[in-house]
**Q** 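Right, I'll just put the structure down here and ask away after.
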Amino acid sequence: SQQGEEDPQALSIQEGENATMNCSYKTSINNLQWYRQNSGRGLVHLILIRSNEREKHSGRLRVTLDTSKKSSSLLITASRAADTASYFCATDANDYKLSFGAGTTVTVRA
Amino acid sequence: GAGVSQSPSNKVTEKGKDVELRCDPISGHTALYWYRQSLGQGLEFLIYFQGNSAPDKSGLPSDRFSAERTGGSVSTLTIQRTQQEDSAVYLCASSLGGGGVSQPQHFGDGTRLSIL
């Protein structure tokens, strides 16, 4: 069964706008990771946030983690057409096995 | 350096045939994972290899599925007597293993398997 679940399932925004997607999970975790998948390609790792961290930034990406609510969010600022992709959160309940959600499909309109 | 390489990129075969999918991980990565992704879905864990330890096969859906990792490097996922429900994209990933915590995983572009 999937540990992480992303919300919304799909998101369509105008270029330059921000995109926010959320991930909820069920059990305690060590880390939470976000990945991007372009159509027909493999997943690309974006950010890893540890359970004792609350916020992390990488370029135009900002990830938050609230372990009390068992939730995380990914914010993409000033979106570009190249950000069009599916975004997945992945959680670990042990030291190696990641559980992926079904993803959020983001479409950035020019 | 090269990323994770998977072959073939596409495979079309008839129901009942056996198929073999190959994954060449990033050099130096001791951990290797196989996942299955159905259309519009997330990733389903299949099997995990870490160094010389016994693999974690807990995600293999049936005994028709098996995998090997030779010499701690290249891995082969074999599906015997394929069925139409086996149609999916099979993704391989590798990572620096050990340390007791999950690591970022590096993915290949997958093998798109279609069973006729």
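The basis for the numbers below is simple: all heavy atoms, side chains too, and nothing from hydrogens, waters or symmetry mates. Below, read A as the first sequence line, B as the second, and so on, with proteins coming before strands; counting in each chain starts at 1.
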**Q** Assess whether atom CG of B:N52 is packed by more than 12 heavy atoms of other residues, nucleotides or ligands within 6.0 Å.
**A** no
**Q** Evaluate whether atom CD of B:E85 has more than 12 neighbouring non-hydrogen atoms of other residues, nucleotides or ligands under 6.0 angstrom away.
**A** yes
**Q** Which pair of heavy atoms, one from A:G40 and one from B:R112, lies closest together, and at what distance?
**A** CA-NH2, 4.2 Å
**Q** Start with the C-alpha gap between B:L91 and A:Q37, add the side-chain angles, then the distance that decides, and say whether side-chain contact (heavy atoms from CB on, under 4.5 Å) holds.
**A** CA-CA 12 Å; B:L91 292 164; A:Q37 185 178 33; 4.3 Å; yes
**Q** Does atom CG (B:L116) have a neighbourhood of more than 12 heavy atoms from anything else shown, all under 6.0 Å?
**A** yes
**Q** Please check if A:V63 and A:L46 belong to a single hydrophobic cluster, counting links between Ile, Leu, Val, Met, Phe, Trp and Tyr side chain heavy atoms closer than 4.5 Å.
**A** yes
**Q** For A:T104, enumerate each residue passing the side chain to side chain donor-acceptor pair (under 3.5 Å) test, keeping only those at least two apart in sequence or located in another chain.
**A** none
**Q** Main chain of A:V44, side chain of B:Q105: is a donor-acceptor contact present, judged purely on distance under 3.5 Å?
**A** no
**Q** Report the residues that fulfil side chain to side chain donor-acceptor pair (under 3.5 Å) with B:D18, sequence neighbours left out, ordered by chain and then residue number.
**A** none
**Q** Are A:L98 and B:V89 in one and the same hydrophobic cluster, where Ile, Leu, Val, Met, Phe, Trp and Tyr link if side-chain heavy atoms are under 4.5 Å apart?
**A** yes
**Q** In terms of heavy-atom pairs under 4.5 Å, which option from A:Q9, A:E6, A:Q33 contacts chain B the most?
**A** A:Q33
**Q** Between B:D109 and A:R41 (side chain of the first, backbone of the second, donor and acceptor by atom type, cut-off under 3.5 Å), is there such a pair?
**A** no
**Q** For B:F107, check ring-ring contact (aromatic ring centres under 6.0 Å, His included) against everything at least two apart and list the hits.
**A** A:Y35, B:Y35
**Q** Is it the side chain or the backbone of B:Q37 that comes within 4.5 Å of chain A heavy atoms, both, or neither?
**A** side chain
**Q** Residues of residues 55-70 of chain B under 4.5 Å from chain A (heavy atom pairs)?
**A** B:D56, B:S58
**Q** Do A:L61 and A:I13 belong together in a cluster built from hydrophobic side chains that touch within less than 4.5 Å?
**A** yes
**Q** Counting only heavy atoms closer than 4.5 Å, note whether A:L43 contacts chain B via side chain, backbone, both or neither.
**A** both
